[in-house]
Structure formats: structure tokens, C-alpha cells
Novice: 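Before anything else, here's the structure in question.
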Amino acid sequence: MATEKTFYLETFGCQMNAHDSEKVIGTLQQEGYRQVDQEEDAGLILYNTCSIRDKAEQKVFNRLNDYKKLHKAGKRFAVLGCVAQQEGEKIFERAPYVSLVSGSASYRKLPAMLARLEAGETRITGLDDRQTDETFETEFTARQNPYRGYITIIEGCDKFCAYCVVPYTRGKERSRGSNSVLAEAQKISDLGYSEIQLLGQNVNSYRDPEGKLTFAELLAAVGQVGGIRRVRFTTSHPRDFTRDIVEAIDAYPTLCDHVHLPVQSGSARVLKQMAREYTPDWYLERVSWIKAARRPISLSTDIIVGFPGETAEDFIETMDLLAQVEYDCVFGFKYSGRPNTPALTMIDSIPDVEKAQRLQALLDRQREIQRVNYAKHLGQVMEVMVEGMNPARGQVTGRSSQNKPVNFTCSQPIAPAPGSYAQVRITATHPNSLVGEAV
Ligand code: 5AD
Ligand code: SF4
């Protein structure tokens with residue numbers, strides 16, 4: 001009797017990676033593999049990796065070290081994703097027990113790579129460079145998220161921000177046809193999902209290869225798919241953020257009241273060094289469109305502190321921008337030099353303690369801004385999509401359309417299922433979450 005083919009997969013990094021994993025899992029299942037919950041039980045162990053910052057990259061090598069003794073038991077290892085693409089065959093030197101290394105731009109070749117693995121080959125690579133025009137579309141997506149259906153609409157990135165590995169790890173920008181996106185949206189709805197998240201490293205740089213729809217039109221069309229109640233999209237680049245996106249959100253209630261618009265820095269000088277191709281004023285103009293919308297749209301952002309050459313004055317400009325925009329959520333990062341990127345040739349001049357202090361000051365300031373922003377919801381009744389339970393607190397957890405976490409109590413004996421909706425009255429507010437009761 002043939003032994004059963006089993007796999008364990010762990011994902012690091014962004015939502016694009018989480019969704020890539022859903023497609024990889026579907027492909028493996030199609031090839032006859034069964035997913036297991038523990039490394040120990042798997043014949044094939046896969047890590048879908050992230051290399052956005054140094055710490056993220058270290059994680060996979062730590063994991064490989066932890067588990068290398070399992071190799072003796074005849075297990076095979078595969079490294080997928082951004083570290084795989086970035087390090088390529090060097091991974092075989094560093095971790096000789098790894099048999100397969102593949103970047104995301106080569107996933108469409110996974111069935112063939114798996115066949116070679118099964119035939120006993122040990123150094124299999126999928127390292128298509130950034131020139132590929134192919135996207136990874138599969139009908140075998142094994143959706144793991146119980147309440148949110150992801151759809152990749154654009155892969156890769158052509159922006160080449162000075163600090164960023166993504167253009168090198170995910171290859172050049174290539175969009176999926178709008179017909180195929182809409183067909184997948186319908187399929188997701190038929191599966192019972194009512195929330196869709198459109199994904200891309202630069203989602204709003206979308207160019208329909210069929211020439212039919214702009215990004216804003218595609219958003220509107222997805223928002224009109226029967227059964228869909230919430231549409232989100234991430235990540236937007238300020239350079240490609242057009243006014244019709246705000247108009248679409250205003251016009252279609254199914255498009256969520258939230259835009260994630262990474263600014264990275266509030267200093268014109270640093271933005272120039274980062275090759276972001278906009279100034280703070282350009283960015284703030286887009287913010288003013290969002291704030292002028294008829295619906296209250298929440299705004300979140302990413303900020304890097306301690307970019308090479310960032311002075312105390314540059315940092316104050318970032319703090320000023322924070323106060324001006326009054327974000328609802330900020331993801332702050334200390335700059336970390338990345339292989340292949342132009343910023344690596346600049347002197348990483350800010351000591352780590354200084355980066356840490358700037359980051360702390362930024363997050364402290366933002367906490368106070370959010371305390372005020374979130375307090376405005378006190379007494380409101382809002383629709384919350386249920387994501388899970390916090391049994392310790394006896395609370396249901398979920399999110400508002402604005403993407404704010406809401407924890408609430410409800411009198412029903414059975415907890416509402418992930419993906420269902422509740423009307424919740426807000427009874428208390430915190431800087432990072434709202435508390436309420438179902439009405
Ligand atoms: N160092 C620190 N943060 C980075 N990011 C991207 N590259 C780096 C880097 N080299 C941050 C950016 C981006 C987010 C996903 O990660 O803020 O928007
Ligand atoms: Fe990490 Fe960026 Fe790759 Fe996502 S695209 S996995 S954030 S390096």
C-alpha cells in the first residue's frame with residue numbers, strides 16, 4: 001500500500017502570503033496530499049516566508065533549525081515565498097535538508113515541482129525572475145479564513161521604493177482580467193462568504209488586461225456581486241490613489257468605510273530619498289478627499305522610522321503629519337536594510353536605540369490620537385461582522401466596516417458564527433478597540 005502523502009504548512013508575512021498559502025494548500029490537496037496540524041505528522045513541511053524586515057526573515061531559519069532533526073525521520077522541507085525568492089539556491093547551502101525552494105512567481109509550476117520531489121530529487125527550484133508575465137490562478141484555492149474571501153487582483157510591484165524587497169521577491173506588476181476577478185467573487189459568494197478582500201502589493205495600480213474596468217469600477221462591480229456585504233482592498237499606494245475610489249466608496253454601501261494608505265514618512269526630503277514619488281502635500285490632498293466623503297471613512301497607514309539620514313527634524317515632520325491626519329490605526333516599523341535594495345547603499349546612520357525611541361514616541365502619540373478617535377463611537381450602534389470568540393472574557397470578537405475591532409456580549413445562548421453580522425451598541429471605548437452589547 002502506498003504511504004499517505006501529508007503536509008504541514010506555516011505562513012509568515014502579509015495577507016498576500018496568507019492567500020498564496022490558501023492556493024498552495026489547494027494545489028497540494030489536488031495532488032493527493034492531506035494537510036496535518038503538526039510538523040511531526042507531516043511527510044512534507046513547507047514554510048511560506050516573508051523577508052520584509054530582518055526579523056521576519058530570521059524566523060524561517062530559526063524554524064528550520066528547530067526542525068532539522070526531523071529530516072532524519074525522512075521528512076522533506078520546502079521554503080516558499082519571499083525569502084525563497086531572495087536567497088534562492090543559497091538556502092540549500094545554509095539548510096542542506098531543504099529540497100524545494102520556490103518564489104511566489106513560480107507557484108503555477110508547483111504540481112511539476114512536487115512530482116520531481118516525489119521522484120526523489122533534492123534541489124528543486126522555482127525562481128522565475130521578475131520578468132514573468134504569468135499570474136497564479138487556480139480553481140483549487142483551499143480557503144482557510146472562515147469569514148473573509150481573498151482575491152488577488154494584481155501581483156508583483158514596479159514601484160521600487162528604496163527600502164523595499166517586494167519588487168525583487170514578487171516580480172513585476174501584472175493584473176488579472178476583470179472577468180476572472182468577478183467570476184471568483186461570485187464563486188466566493190456562492191461558497192457562503194459575504195466579505196471579500198481584494199489583494200495586491202499596489203492594489204490601486206490595477207490595470208485590467210481586458211481594458212474594461214478601472215480599479216474604482218472593479219471595486220464597484222465586486223461590491224454589486226449578489227450576496228457580498230463587505231468589500232475591502234489592500235494595499236493602496238498614494239501615487240495611484242484616485243478620487244474615483246472615494247466616489248465609489250460613497251456610492252456603494254458594500255464597500256467598507258476604510259482606506260489603508262501607507263505614507264512611510266512626513267518629511268518631503270525623506271520621501272524623496274525613499275523614492276516614494278510624492279510629497280506630504282500630495283499625500284494630504286488624497287487624505288482631504290477621503291475626509292470629505294459623505295461616509296466617515298477610517299484611515300490607517302504604515303510608517304518607517306530611522307530611514308538612512310532621517311534627522312530629528314524629519315521625524316518631527318512625521319509626528320506633525322500624524323497629528324494632522326488623525327489616523328485610526330498606524331503600523332510603525334524601524335527601518336531595516338534589505339538585500340538588493342537601493343537604500344542598502346545609503347549609510348544606515350540611525351543607531352537602533354534611536355530608532356526604537358522614535359518608534360515608541362510615534363506609537364505613544366498615535367495611542368492618544370486613537371483614544372480620542374475611538375471615543376467618538378460611544379453610544380453608536382454599528383454593524384459588526386463576527387470573527388470569533390474570546391472565551392476568557394465571554395465576548396464575541398469582530399470588526400466594524402471601518403475595520404475597528406469590536407468586542408461585545410450577546411444574550412443568545414449560542415455564540416454567533418464567524419461571518420455572521422450583529423448590530424452592536426458601543427458602551428466603552430479603548431485606543432485600539434470598542435466594547436459593546438448586541439442589540
Ligand atoms: N524596513 C522597515 N519597514 C519596511 N517596510 C517595508 N520595507 C521595510 C524595511 N526595509 C514596511 C513599510 C511597508 C510595510 C508593509 O512594511 O512601511 O508599507
Ligand atoms: Fe513579506 Fe512583503 Fe513578501 Fe508580503 S510581499 S510576504 S510583506 S516580503
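Along the sequence shown, residues are numbered consecutively beginning with 1. Note that the structure is a prediction, hence the values are computed from the model and not measured. Just follow the structure's listing: the first ligand is 1, and inside any ligand the first atom is 1.
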Novice: Is there a heavy atom of Arg170 sitting under 4.0 angstrom from any atom of ligand 2?
Specialist: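 Arg170 counts as a contact of ligand 2 under the 4.0 Å cut-off.
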Novice: Identify whether the distance between the nearest side-chain nitrogen and carboxylate oxygen of Lys159 and Asp240 falls below 4.0 Å.
Specialist: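 Looking at Lys159 and Asp240, the cut-off is met.
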Novice: Counting from 1, what ligand 2 atoms have a heavy atom of Cys14 closer than 4.0 Å?
Specialist: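 Selected atoms, number and element: 4 (Fe), 5 (S), 6 (S), 7 (S).
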Novice: What part of Ile52, side chain from CB on, backbone N/CA/C/O, both or neither, has a heavy atom under 4.0 Å from ligand 2?
Specialist: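 The answer is both, backbone and side chain.
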Novice: Checking Gln360 against Asp364: is there a side-chain donor and acceptor pair closer than 3.5 Å?
Specialist: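 Yes, a side-chain donor-acceptor pair sits under 3.5 Å.
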Novice: Is the closest basic N to carboxylate O distance between Lys5 and Glu118 below 4.0 Å?
Specialist: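 Counted as a salt bridge, because a side-chain N and a carboxylate O are separated by less than 4.0 Å.
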Novice: Check ligand 2 against Asn17 and write out every atom of the ligand that is under 4.0 Å from a heavy-atom position of the residue.
Specialist: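 Answer for ligand 2: 6 (S).
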Novice: Between ligand 2 and Gln15, can you find any atom pair, the residue atom being a heavy atom, that is separated by under 4.0 Å?
Specialist: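 The answer is no, since Gln15 has no heavy atom less than 4.0 Å from ligand 2.
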Novice: May I ask which of Thr234, Ile303, Ile304, Asp302 has a heavy atom nearer to atom 15 (C) of ligand 1 than the others do?
Specialist: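 Minimum heavy-atom distance to atom 15 (C) of ligand 1 goes to Asp302.
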Novice: Would you say ligand 1 has an N or O under 3.5 Å from any N or O of Arg53?
Specialist: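 Indeed, backbone or side chain, Arg53 has an N or O that close.
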Novice: Verify whether one side chain among Lys404 and His258 offers a donor that lies under 3.5 Å from an acceptor in the other.
Specialist: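 Note: Lys404 and His258 side chains miss the donor-acceptor criterion.
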Novice: Using a strict cut-off of 4.0 Å, indicate which atoms of ligand 1 neighbour a heavy atom of Gln264.
Specialist: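 The list of qualifying atoms is 12 (C), 13 (C), 17 (O), 18 (O).
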Novice: Among side-chain atoms of Asn17 and Arg170, is any donor-acceptor pair under 3.5 angstrom?
Specialist: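 Arg170 and Asn17 do have a side-chain donor-acceptor pair below 3.5 Å.
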Novice: Which protein heavy atom lies closest to atom 10 (N) of ligand 1, and at what distance to 0.1 Å?
Specialist: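 Ranking protein heavy atoms by distance from atom 10 (N) of ligand 1, first comes Ser336 O, 2.8 Å.
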Novice: Checking side-chain polar atoms at under 3.5 Å, does Asp190 have a donor or acceptor matched by the opposite partner on Gln186?
Specialist: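 The criterion, which ignores hydrogens and geometry beyond distance, is satisfied for Gln186 and Asp190.
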Novice: Near Arg338, which atoms of ligand 1 are under 4.0 Å from a heavy atom of that residue?
Specialist: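 Numbered from 1, ligand 1 contributes 10 (N).
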Novice: Under a 4.0 Å heavy-atom limit, does Tyr163 contact ligand 1 with its side chain, its backbone, both, or neither?
Specialist: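 For Tyr163, the contact with ligand 1 is made by both the backbone and the side chain.
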Novice: Could you list which atoms of ligand 2 come closer than 4.0 Å to a heavy atom of Cys82?
Specialist: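 Here the atoms of ligand 2 in question are 3 (Fe), 5 (S), 6 (S), 8 (S).
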Novice: When you measure from the heavy atoms of Gly81 to every atom of ligand 2, does any distance fall below 4.0 Å?
Specialist: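 Heavy atoms of Gly81 never come under 4.0 Å of ligand 2.
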Novice: Under a 4.0 Å heavy-atom limit, does Ile52 contact ligand 1 with its side chain, its backbone, both, or neither?
Specialist: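 For Ile52, the contact with ligand 1 is made by both the backbone and the side chain.
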Novice: Measure the CG-CG distance between Asn403 and Leu299 for me, rounded to the nearest 0.5 Å.
Specialist: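 These two atoms lie 12.0 Å from each other.
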Novice: Does Asp257 come within less than 4.0 Å of Arg294, counting only side-chain N to carboxylate O?
Specialist: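 Salt bridge between Asp257 and Arg294, a charged N being under 4.0 Å from a carboxylate O: no.
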Novice: When you check the side-chain N and O atoms of Ser21 and Asn48, is any donor under 3.5 Å from an acceptor?
Specialist: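 Per modelled atom types, Ser21 and Asn48 side chains form a pair under 3.5 Å.
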Novice: Taking 4.0 angstrom as the limit, do Arg176 and Glu184 come out as a salt bridge?
Specialist: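 Yes, Arg176 and Glu184 are salt-bridged.
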Novice: In terms of residue, atom name and distance, what is the protein heavy atom nearest to atom 2 (C) of ligand 1?
Specialist: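 The closest one turns out to be Lys334 O, 3.3 Å.
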Novice: If we set the cut-off at 4.0 Å for heavy atoms, which region of Gln201 has an atom near ligand 2: side chain, backbone, both, or neither?
Specialist: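 Gln201 to ligand 2: side-chain contact only, backbone stays beyond 4.0 Å.
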Novice: Using a distance threshold of 2.8 Å, state whether an N, O or S atom of Cys50 lies below it from atom 1 (Fe) of ligand 2.
Specialist: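 So Cys50 does bind atom 1 (Fe) of ligand 2 by this criterion.
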Novice: Could you tell me, atom by atom, which parts of ligand 1 come under 4.0 Å of a heavy atom of Tyr335?
Specialist: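 Checking each atom against Tyr335, I get 1 (N), 2 (C).
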Novice: Go through ligand 1 atom by atom and flag the ones less than 4.0 Å from a non-hydrogen atom of Phe333.
Specialist: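 Atoms satisfying the 4.0 Å criterion: 3 (N), 11 (C), 14 (C), 16 (O), 17 (O).
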Novice: Could you list which atoms of ligand 2 come closer than 4.0 Å to a heavy atom of Val166?
Specialist: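 So the atoms of ligand 2 that pass are 2 (Fe), 5 (S).
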Novice: Is a salt bridge present between Arg108 and Asp128, judged by a nitrogen-to-oxygen distance below 4.0 Å?
Specialist: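 A salt bridge links Arg108 with Asp128.
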Novice: Less than 3.5 Å apart, any donor N or O on the side chain of Glu57 or Gln86 sitting next to an acceptor on the other?
Specialist: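 On atom types as modelled, these side chains qualify, holding a pair under 3.5 Å.
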